[in-house]
Amino acid sequence: MSLKIYNTLNRRIEELIPGGVKKDNIEDYPVVTIYTCGPTVYGYAHIGNFRTFVFSDFIRRYLKFRGFKVNHAMNITDVDDKTIKGAAANHVTLEEYTQKYTDIFFEDLRTLNIEPVEHNPKATESIKDIIDILEKIDEAGMLYEKDGSLYFNISKFSEYGKLSLLDKREIKSGISFDADEYEKEDVRDFALWKAQKEGEPFWETPYGQGRPGWHIECSAMIRKIFGTTIDIHIGGVDLIFPHHENEIAQSEAAYKEKFVRCWIHSEHLLVDGAKMSKSLGNFYTLRDLLAKGFSPRSIRYLLMSAHYKKQLNFTFEGIKQADQALERIDNFIVRLIDRKGDGENLEVKSFTDKLIHEFIETVDNDLNISGGLGVFFDFIHKINLMITDDKISKKDAENILAALKILDQVFGFIFFENEVEDPDKDRIDKLVDERIRAKKNKDFSRADEIRELLKNEGIILEDTKDGTRWKRKK
Ligand code: AMP
Ligand code: ZN
C-alpha cells in the first residue's frame with residue numbers, strides 16, 4: 001500500500017514520494033517537509049479557516065501514523081494591509097495588536113486538538129530572509145522598482161500560471177498592483193516589497209524603507225527553514241491564485257529549482273452556498289460555537305469528516321450529527337470498558353487487524369477520511385452486535401481499545417475518559433442509586449428531579465438493561 005494524494009500542480013493523484021526518490025519502505029524515506037499557509041492575525045479566525053487547519057493537522061497526523069517522519073512549518077502573517085489597519089483603528093502598536101490574535105489563534109488550535117508544528121515563523125521576524133530572496137530575484141532580473149516599491153515582473157518568468165492554469169493570453173504584465181489579494185481577471189505584476197506610507201510600520205533595507213508584500217514571506221520562510229524543495233504545501237483552494245502562483249514564481253526565480261513537489265488544496269467551508277469569509281460577514285468563530293454549547297470535538301469531527309476535495313456546507317444540524325456520531329463512539333467505549341469475562345476470541349483479533357488494514361487502504365487513496373470513518377463505524381456496528389451476544393471478553397475489549405487508540409492518533413476526537421475516575425463519582429453514584437430507588441418506589445417526581453439536577457451539571461443518564469449508566473457531556 002502507498003499513500004496517494006491529488007497534486008494540484010500536476011492535476012492528478014500521485015504517490016507521495018518524500019525527497020523525490022522512490023523507496024521500498026516508508027521508514028527509508030527522508031523526513032517529509034510540509035508547509036501550511038497560516039493565518040493573518042487581525043481578528044479571530046473563523047471555522048472556515050479552521051477547516052483548512054484541521055485538514056493540515058489530519059495530513060500531519062496521518063503521515064506519522066503511516067510511519068513517515070515530519071518536519072512541519074506554519075507561518076503567522078503579522079504585517080499586511082489588514083493588520084496595519086486594525087492596529088491603527090485600535091490605537092495600539094502592530095505588535096500589540098497581532099500578538100493578541102496570535103495568542104488567541106494558538107489557544108483555538110489547542111481547543112481543537114490540533115498538534116503544534118515544528119516551526120511557526122512570523123513575517124515580522126523574517127525580514128532578513130525576505131531581503132535575501134529579494135536580492136536573488138533581483139539578480140535573476142525579475143523584479144523592478146516603481147515609486148520605492150518592488151514588483152515581480154511576471155512576463156520574465158515563463159512558467160507563470162502553471163499552478164492555476166492561467167491562459168497565456170491572460171498574462172498581461174507591465175501593469176503593477178499593490179493589493180495582496182486579487183482575482184484571476186487581474187493577472188498583474190505583484191508587489192514584493194511596499195514603500196513606506198505615512199504612519200505605517202517599516203523596515204530599513206537596501207531597497208529603502210518599507211514592508212513586505214504578503215506573498216514573499218512564505219517563499220522566504222520556506223527557504224530559511226528547509227533550504228531546498230519541500231514535499232508538501234497546504235492551503236485552502238482560494239490560495240491557488242494568486243498567492244501560491246506567486247510563491248512559485250518568487251522561489252523558482254530566486255533559487256532555480258523546484259519549489260514544491262506536491263500542492264494540496266482543501267475545499268471551502270460554505271454557508272448557504274457561499275464561502276464562509278470575514279468579508280461576507282457569514283462566519284462563526286470557534287468561540288461563537290462553543291458559546292452556543294457545541295463541543296470542540298464535535299466541531300473537529302465535523303470539519304475533519306468530509307473529504308477535503310468536497311465543499312462542506314456548515315449547518316447546526318451538521319454539528320448535531322457530528323455529536324451523534326461521537327456519542328456512538330462514546331457508548332461503544334463505555335460498553336468495551338464494562339466488559340467482563342475470560343478468554344480471548346481470535347476472530348476479534350482478525351477484525352481489529354482488518355479494521356486498521358482497511359482504514360489505511362481507504363485513507364491512502366487521496367486522504368479519503370470519510371471512507372475511513374465508514375470503515376470504522378462498520379467495525380463498531382459489528383463489535384456491538386458481538387457484545388450484545390456476549391462474545392467479547394475483557395481481554396478482547398482491551399485489544400479493541402488498543403486498536404482505537406492507534407486510530408485516534410489520526411482522529412484526535414475519541415475520549416477514553418471513562419478509564420479515568422470522575423472526581424465526583426461517589427456523589428453522582430449515590431444520586432443515581434437514589435433515583436433507582438425512587439423509581440422502584442414510584443416516586444417519579446424525585447426521580448425526575450435527580451435526572452434534572454444531574455443534567456444541569458452536564459451529566460447524562462442512560463437506562464440500559466444492565467442498569468443505569470451516567471457520563472459527563474463534553
Ligand atoms: P487567511 O487568514 O485569510 O489567510 O486564511 C487562512 C487559511 O484559511 C487559508 O489557507 C485559507 O485558504 C483558509 N480559508 C479561508 N476561508 C476558508 C473557508 N471558508 N473554508 C476553508 N478554508 C478557508
Ligand atoms: Zn503562503
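Counting convention: from 1, in listed order, for ligands and their atoms alike. In what follows, residues are counted from 1 in the order of the sequence shown. Keep in mind that the numbers below use all heavy atoms, side chains included, and drop hydrogens, waters and symmetry copies.
At distances below 3.5 Å, at least one donor-acceptor pair connects side-chain atoms of Thr8 with backbone N or O atoms of Trp263. The closest donor-acceptor contact from the side chain of Arg51 to the backbone of His268 lies under 3.5 Å. Proximity of a side-chain donor or acceptor of Asn7 to a complementary backbone N or O of Leu9 within less than 3.5 Å is detected.
Below 4.0 Å from some heavy atom of Pro39 lie the following atoms of ligand 1, by number and element: 2 (O). Close approach of ligand 1 to Gly48 (heavy-atom distance below 4.0 Å) involves ligand atoms 17 (C), 18 (C), 19 (N), 20 (N), 21 (C), 22 (N), 23 (C). Ligand-side atoms of ligand 1 in range of Met276: 16 (N), 18 (C), 19 (N), range being under 4.0 angstrom from any heavy atom.
Using a 4.0 Å cutoff on heavy atoms, Phe53 counts as a contact of ligand 1. Using a non-hydrogen distance threshold of 4.0 Å, Lys278 does not register as a contact of ligand 1.
Under 2.8 Å from the Zn ion (ligand 2) lies an N/O/S atom of Cys37, whether from backbone or side chain. Within the 2.8 Å limit, His215 places no N, O or S atom next to the Zn ion (ligand 2). Residue contact annotation: Cys218 places an N/O/S atom under 2.8 Å from the Zn ion (ligand 2).
For Phe55, the ring-ring contact (aromatic ring centres under 6.0 Å, His included) partners at least two apart in sequence or on another chain are Tyr308.
At least one side-chain heavy atom of His357 sits less than 4.5 Å from a side-chain heavy atom of Glu361. Taking the side chain as every heavy atom from C-beta outward, Phe50 and Ile299 never approach each other to under 4.5 Å.
Restricting Glu247 to its N, O or S atoms, the one at the least distance from the Zn ion (ligand 2) is OE2.
Salt bridge absent: Asp132 and Lys224 never bring a charged side-chain N and a carboxylate O closer than 4.0 Å. A salt bridge links Glu118 with Arg60; the closest basic N to acidic carboxylate O contact falls under 4.0 Å. Contact check on Glu257 versus Arg223 returns a salt bridge, with a Lys/Arg side-chain nitrogen under 4.0 Å from an Asp/Glu carboxylate oxygen.
Scanning all protein heavy atoms for the shortest distance to atom 13 (C) of ligand 1 gives Thr52 OG1, 3.5 Å. Among all protein heavy atoms, the one lying closest to atom 8 (O) of ligand 1 is Asn49 ND2, 3.0 Å. With hydrogens left out, the protein atom closest to atom 10 (O) of ligand 1 is Gly236 N, 3.2 Å, a heavy atom. Scanning the protein for heavy atoms near atom 16 (N) of ligand 1, the closest one is Lys275 CE, 3.3 Å.
Proximity of Thr40 to ligand 1, defined as any heavy-atom pair under 4.0 Å, is shared by backbone and side chain alike. With a 4.0 Å heavy-atom cut-off, ligand 1 is reached by the side chain of Leu239 but not by its N, CA, C or O.
Looking at Asn368 and Ser370, their side chains do bring a donor and an acceptor atom within 3.5 Å of each other. For the residue pair Thr111 / Asp108, no side-chain donor-acceptor distance below 3.5 Å is found, with atom types taken as modelled.
For Glu267, no nitrogen or oxygen atom sits less than 3.5 Å from a nitrogen or oxygen atom of ligand 1, counting backbone and side chain alike. By the 3.5 Å distance cut-off applied to N or O atoms, Lys82 is not counted among the residues near ligand 1. Checked by distance only, ligand 1 and Leu269 come closer than 3.5 Å through their nitrogen or oxygen atoms.
Between Asp238, Asn282, Ile240, Leu280, it is Asp238 that holds the heavy atom closest to atom 11 (C) of ligand 1.
Both the sub-6.0 Å distance and the 45° axial angle are not jointly satisfied by Arg287 relative to the ring of Tyr44.
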